[in-house]
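Since the structure is predicted, the reported quantities are computational estimates derived from the model, not experimental observations.
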Amino acid sequence: MELRCTAERETRLLSILRRELQLSSTLVRRLKYCGAYTVNGEPAHTDRLVRPGDVVRVCLDEPRPDYPAEDGPLSILYEDEAMLAVDKPQGMLVHPSFSRQTGTLANRLLGYYDRTGQACAVHPVSRLDRDTFGVVLLAKNAHAHALLIAAEKHKTYHAAVRGVPQPPEGMIDVPIARLSPESLLRCVRADGQPACSAYRTLRTEHGVSLLELQPLTGRTHQLRVHCAWLGCPILGDPQYGGAESGGPGQQLCAVSIRFFHPFLKKWLEIRSEQDVSLDFPGGMVV
């Protein structure tokens with residue numbers, strides 16, 4: 001990705017990079033050692049004087065990640081030079097971890113970048129648990145990542161849950177804490193971090209409900225913990241009380257995300273091609 005700006009004032013290149021192009025100070029420092037800056041086609045240092053009419057360009061090629069690229073199916077819902085949105089399948093990690101360096105969405109994205117000749121990295125803007133599926137936003141470089149993280153976003157999920165919420169719609173506003181210092185699980189506890197989720201019941205059949213959920217905060221496992229606290233655990237969730245034998249796995253889907261694109265300067269809404277299933281014992285298919 002290349003950023004371009006025609007200067008409208010006399011100033012140092014550093015000021016153009018930070019104010020007009022909105023590069024972070026960390027990224028400015030990293031890129032200056034890569035020969036990424038030019039003014040009127042000539043390599044430039046950050047202390048160069050820029051005059052009105054000068055054309056500033058920044059090359060945002062990314063360093064190669066240290067995990068392997070892999071081939072495999074990849075459902076791309078949207079792509080431009082700054083970012084892409086992928087429909088993540090159930091059972092796949094978004095990014096490699098210390099204990100697992102292969103088989104993740106990031107590995108497949110690197111393979112896709114190689115096939116399409118893109119010098120990009122993988123910067124998740126939205127993250128999903130391994131068994132949650134649906135829309136994931138990913139930036140192609142650190143600059144796009146910083147702007148997309150800061151952009152206003154509205155996420156909508158569907159969940160198939162056991163039980164019927166009472167009332168049928170409302171706000172869950174209870175704090176979430178780590179279950180114990182050693183545990184990766186969370187629980188509702190008074191000393192936890194503030195967490196708020198809106199919910200609405202879309203339909204109910206045979207004791208199984210389809211909920212629309214909107215997380216207003218971003219705590220780990222927030223929707224899963226909040227549904228369990230509501231008395232309606234998500235079907236197929238083995239950690240928070242929704243496990244069912246013979247079912248199709250955890251039924252939580254990121255069905256859409258609406259956000260203000262910082263480069264296009266307009267709102268975009270991206271929808272998943274997947275959805276949850278109520279095909280559990282006593283349930284029915286949505």
Side-chain angles (χ1 to χ4, degrees), residues 1-67 69 74 76-86 94-95 105-106 108-127 135-155 218 257-270:
M1 182 179 176
E2 181 185 85
L3 302 180
R4 173 175 171 160
C5 174
T6 301
E8 297 181 351
R9 59 193 175 97
E10 183 172 301
T11 186
R12 299 293 174 183
L13 175 58
L14 177 61
S15 180
I16 297 289
L17 298 176
R18 295 286 283 121
R19 293 181 61 183
E20 276 82 350
L21 296 178
Q22 297 183 280
L23 296 182
S24 70
S25 57
T26 300
L27 187 57
V28 167
R29 288 193 298 271
R30 178 169 73 79
L31 291 176
K32 75 177 182 179
Y33 297 112
C34 304
Y37 308 132
T38 64
V39 176
N40 298 328
E42 299 177 353
H45 296 289
T46 55
D47 61 352
R48 170 163 174 168
L49 185 64
V50 176
R51 294 182 170 84
D54 285 349
V55 177
V56 175
R57 288 188 173 89
V58 180
C59 178
L60 291 173
D61 284 357
E62 287 277 319
R64 183 75 176 184
D66 57 3
Y67 48 84
L74 195 62
I76 297 176
L77 301 169
Y78 173 85
E79 182 177 13
D80 60 32
E81 65 174 357
M83 59 152 289
L84 42 70
V86 176
V94 170
H95 204 273
L105 187 64
R108 291 191 183 180
L109 272 175
L110 279 188
Y112 170 71
Y113 291 150
D114 286 348
R115 293 192 303 274
T116 55
Q118 300 187 65
C120 300
V122 180
H123 297 274
V125 176
S126 60
R127 293 178 180 267
V135 181
V136 177
L137 297 186
L138 306 110
K140 292 183 174 182
N141 56 67
H143 176 54
H145 182 252
L147 295 184
L148 284 163
I149 286 289
E152 185 176 353
K153 292 178 286 291
H154 303 282
K155 304 174 186 176
I257 183 166
R258 184 172 180 266
F259 65 100
F260 188 79
H261 196 299
F263 297 101
L264 301 181
K265 304 299 183 184
K266 66 178 183 179
W267 285 92
L268 293 183
E269 182 172 8
I270 300 171

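Counting non-hydrogen atoms of other residues, nucleotides and ligands closer than 6.0 Å to CD of Glu8 gives a total of 12 or fewer. The environment of His45 atom NE2 is sparse: at most 12 non-hydrogen atoms of other residues, nucleotides or ligands sit within 6.0 angstrom. The 12-atom threshold is exceeded at CZ of Arg115, counting heavy atoms of other residues, nucleotides or ligands nearer than 6.0 Å.
Between the side chain of His145 and the main chain of Val125, no donor-acceptor pair closer than 3.5 Å is present. Panel note: side chain Arg18, backbone Leu23; a donor-acceptor pair is recorded below 3.5 Å. Proximity of a side-chain donor or acceptor of His143 to a complementary backbone N or O of Leu21 within less than 3.5 Å is detected. A donor-acceptor contact shorter than 3.5 Å is absent between the side chain of Tyr78 and the backbone of Leu137.
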message = Using side-chain contact (heavy atoms from CB on, under 4.5 Å), reason through Leu138 and Leu148 one step at a time and then give a plain yes or no.
response = CA-CA 9 Å; Leu138 306 110; Leu148 284 163; over 6 Å; no

message = Please evaluate residues Phe260 and Lys153 with respect to the criterion side-chain contact (heavy atoms from CB on, under 4.5 Å), reporting the C-alpha separation (whole Å), side-chain torsions for both, the decisive distance (0.1 Å), and the verdict.
response = CA-CA 7 Å; Phe260 188 79; Lys153 292 178 286 291; over 6 Å; no

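Using a cut-off of 4.0 Å between Lys/Arg side-chain N and Asp/Glu carboxylate O, Lys32 and Asp47 are scored as not salt-bridged.
Between Arg19 and Thr11, the side chains place no donor N or O within less than 3.5 Å of an acceptor N or O (distance only, hydrogens not considered). Of the N and O atoms on the side chains of Tyr113 and Glu62, not one donor lies less than 3.5 Å from an acceptor on the other residue.
The shortest distance between side-chain heavy atoms of Gln118 and Lys140 falls below 4.5 Å. Taking the side chain as every heavy atom from C-beta outward, Met83 and His123 never approach each other to under 4.5 Å. Looking only at side-chain heavy atoms (C-beta outward), Ile16 and Asp54 stay at 4.5 Å or farther from each other. Residues Leu110 and Pro65 meet the side-chain proximity criterion, which asks for heavy atoms closer than 4.5 Å.
Note that NE2 of His154 is 6.0 Å distant from CZ of Arg258, once rounded to the nearest 0.5 Å.
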